[in-house]
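Report on the structure given below.
Just so it is clear, the values below take in all heavy atoms, side chains as well, and ignore hydrogens, waters and symmetry mates. So you know, we letter chains A, B, ... as the sequences are listed, proteins then strands, and number each from 1. This is a predicted model, so every value here is computed, not measured.
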Number of protein chains: 2
Amino acid sequence: MNQQRPQKKTTIYDLAELAGTSASAVSAVLNGNWKKRRISSQLAEKITRIAEEQGYAVNMQASLLRREKSRIIGMIVPKYDNRYFGSIVETFEIMARARGLFPIITCTLRDPDLEIEAARTMLSYQVEWLISTGATDPDRITDICLAAGTRSLNLDLPGTKATSIISDNFAGARELTKRTLINVEQKSGAMAPLLFIGGRGSDHNTAERIRGFRMAHQDLGVPIEEHHILACGYAPEKAAQALSAMAASEGSVPRGMFVNSTISLEGVMRWIKSSPLFDAAPPIIGCFDWDPFVALLGHDIEMARQDVPGMLTAAFDIVEKGSGDTGKLIEIPPLFA
Amino acid sequence: MNQQRPQKKTTIYDLAELAGTSASAVSAVLNGNWKKRRISSQLAEKITRIAEEQGYAVNMQASLLRREKSRIIGMIVPKYDNRYFGSIVETFEIMARARGLFPIITCTLRDPDLEIEAARTMLSYQVEWLISTGATDPDRITDICLAAGTRSLNLDLPGTKATSIISDNFAGARELTKRTLINVEQKSGAMAPLLFIGGRGSDHNTAERIRGFRMAHQDLGVPIEEHHILACGYAPEKAAQALSAMAASEGSVPRGMFVNSTISLEGVMRWIKSSPLFDAAPPIIGCFDWDPFVALLGHDIEMARQDVPGMLTAAFDIVEKGSGDTGKLIEIPPLFA
DNA sequence: CACCGTTGCTCAATCGATGAAGCAAGAATT
DNA sequence: AATTCTTGCTTCATCGATTGAGCAACGGTG
């Protein structure tokens, strides 16, 4: 038996006929302003009952076409494959729903063309706000939104044309670097400069983290090794390659490392496991990002956990206030365990 | 300067006026069937150009209201906080888009009420299909869909009223158990029964995995210890508690373990790290689920990776074929590294 | 009894896009 | 020259929900 009949959907007109009343009354009852429209509670009850019996669900397309506001809020996100973005998406949905907004999310696989296409699609769905998370070209998206009269925000990576909410990368990296340097001193007896690995030098976050990295070295009076700053990309393979290239050319790799994301850390740890260089003494790592299994890796790994609820609270504050200033930068400090 | 003017959106009527033509022609040109409607390519070009200049985006609400099919496909998912669901969601989006469908996803936090509410909301948005992933009460959702004439599928956890696509939990668990038992024999010299930990005994997947677990023991002639089957829930804390209770009452814990998910594994590893029981010899683990960092934990951990692309390919096959039989069960074998 | 205010509803226009039906002008055919 | 065909549009009803305007019935007031 196949019950999958593509049966016609119940509309307010069907309900009106069943209830012996008008579609107008049905609409008023079902969207809750029947008091304002002076519908008797008798009729309201009857309509509500019939609607339930019929399994009625409003047609949002029709409803939204008529209303002036859609109450839809869109988010684009690069990937769902790590805890940071997963947590962003989950928190976004919860907070949006708590505010009576309908969240729609789409992932763009770090593909600039997909980002633009996704933004256009969101606009077609009449989103009231679009939040661009980790976008490669956030300003382009802001332009598209502006042209359509839609407001937008940047999250995680900043742009210049809309308010951006990001981690306080400089202060976070400075603190993480400091902690890692101190760990190195405690475990190996002497302070030594760290290796910076992962991320793209062209992206704002990586640049700021490198700045914090430098500053912490300066704070503690440790000289930086310029060729020990490897912004080789985020991908695990890139990080692994960079390390093995360094090991090949220099014969060693610093014991202390600042790893720019859990994504890169995956490659770093894989390489370390495969190399004999750390057989005697395990590496001492600071990772700018958080993952529960990393805490279990058994090594000395310090993590800076980006404050996702904090960032999204800031974002929804702006959404609720109505609008933000062009290009304002809001920095949220990451958390340390 | 604040450019966030909530300006009125451009419609096909605006474009028609600018082009000195009718809205009908504009519509035909912009949705691509202007050839069929015999619009000259001159006019088509002109309209296209003007639409681009104005940054026009169709109003999907209006468009969908008129069309008979929405081409929207919905998915509900419990959480975004592990690789399995992350990968499901990402693959779902990619595959949906490749088929010209618009995916909308919502997470329900394993809350039965939220599941129902989310399903209703999806129906309001006129989804053509609803995929319930890991739902606590998939049949309830199928009923709601059926009442609205919408088709539905179950993923990950099966139901009886719609086609279900799940991992081959029995065969997968049998193989994983076998591999883990052999690992135990190789590392500790003798075969010994495993501990089963994590999951809910009431859920189909856990029950099937326990069945496979038993069968593998039987295959290899290893007796099962009934009190070593702990379906204590998925949460990390639950797993950790169950282990420490066992250690307290029995003084030891089997060295070989079958852990029912990476979620539970988190608690298991945390407890192991905190306990002296495994200081001498590390545990030997089989985990029914996959995570890249788990592979780096440095222990002997075998993983059964659920075949997400395989499962979603099966799902979209059904979506494209139009409809599936009531309650059919499709089992996809998990992968071993 | 005429008038007014209130209650409880209905009517009809509207949102923007779509597409069947129709129409006018020119080209082709007889 | 009369007819038919083709091309290239426009007109208008429609999808389902919403809402301002309006109307009938009734109770109360002078």
Starting at atom CG of Leu123(B), determine the distance to atom C1' of dA17(D), rounded to an integer number of angstrom. 17 Å
Spell out protein contact along nucleotides 4-12 of chain D as letters: B when the base is contacted, S when just the sugar-phosphate is, - when no protein heavy atom is under 4.0 Å; keep the 5' to 3' order. ---BBBBB-
Gap between atoms CG and C1', on Leu15(A) and dG16(D) respectively (whole Å): 12 Å
What's the CD1-P distance between Ile12(B) and dC15(C), to the nearest Å? 12 Å
Is it the case that the base of dT18(D) and the side chain of Arg67(A) share a donor-acceptor contact (distance under 3.5 Å, atom types as modelled)? no
Please collect all side chain to side chain donor-acceptor pair (under 3.5 Å) contacts where either partner lies in residues 36-46 of chain B, sequence neighbours excluded, each pair once. Ser24(B)-Arg37(B)
Respond yes when some side-chain nitrogen or oxygen of Asn33(B) is under 4.0 Å from OP1 or OP2 of dG19(C), and no when none is. yes
With distance as the sole test, does Thr106(B) use its side chain to make a donor-acceptor pair with the main-chain N or O of Ala118(B) at under 3.5 Å? no
Between dC15(D) and Asn59(A), is there an OP1 or OP2 to side-chain N/O distance shorter than 4.0 Å? no
For Thr11(B), answer base if it contacts any base atom (sugar-phosphate contacts may also be present), sugar-phosphate if it contacts only those atoms, and nothing otherwise; contact means non-hydrogen atoms under 4.0 Å. sugar-phosphate
Less than 4.0 angstrom between a side-chain N/O of Tyr56(B) and OP1 or OP2 of dA17(C), yes or no? yes
Is Ser63(A) near enough to dG16(D) that one of its side-chain N or O atoms lies under 4.0 angstrom from OP1 or OP2? no
Rounded to whole Å, the CD1-C1' distance (Ile47(A) to dA17(D)) equals 14 Å
Thr160(B) and Asp139(B): side chain donor to acceptor below 3.5 Å: yes
Residues in ring-ring contact (aromatic ring centres under 6.0 Å, His included) with Tyr84(B), at least two apart? none
Heavy atoms of other groups near Glu17(B) CD, more than 12 under 6.0 Å: no
Between Arg99(B) and Glu320(B), is there a salt bridge with N-O shorter than 4.0 Å? yes
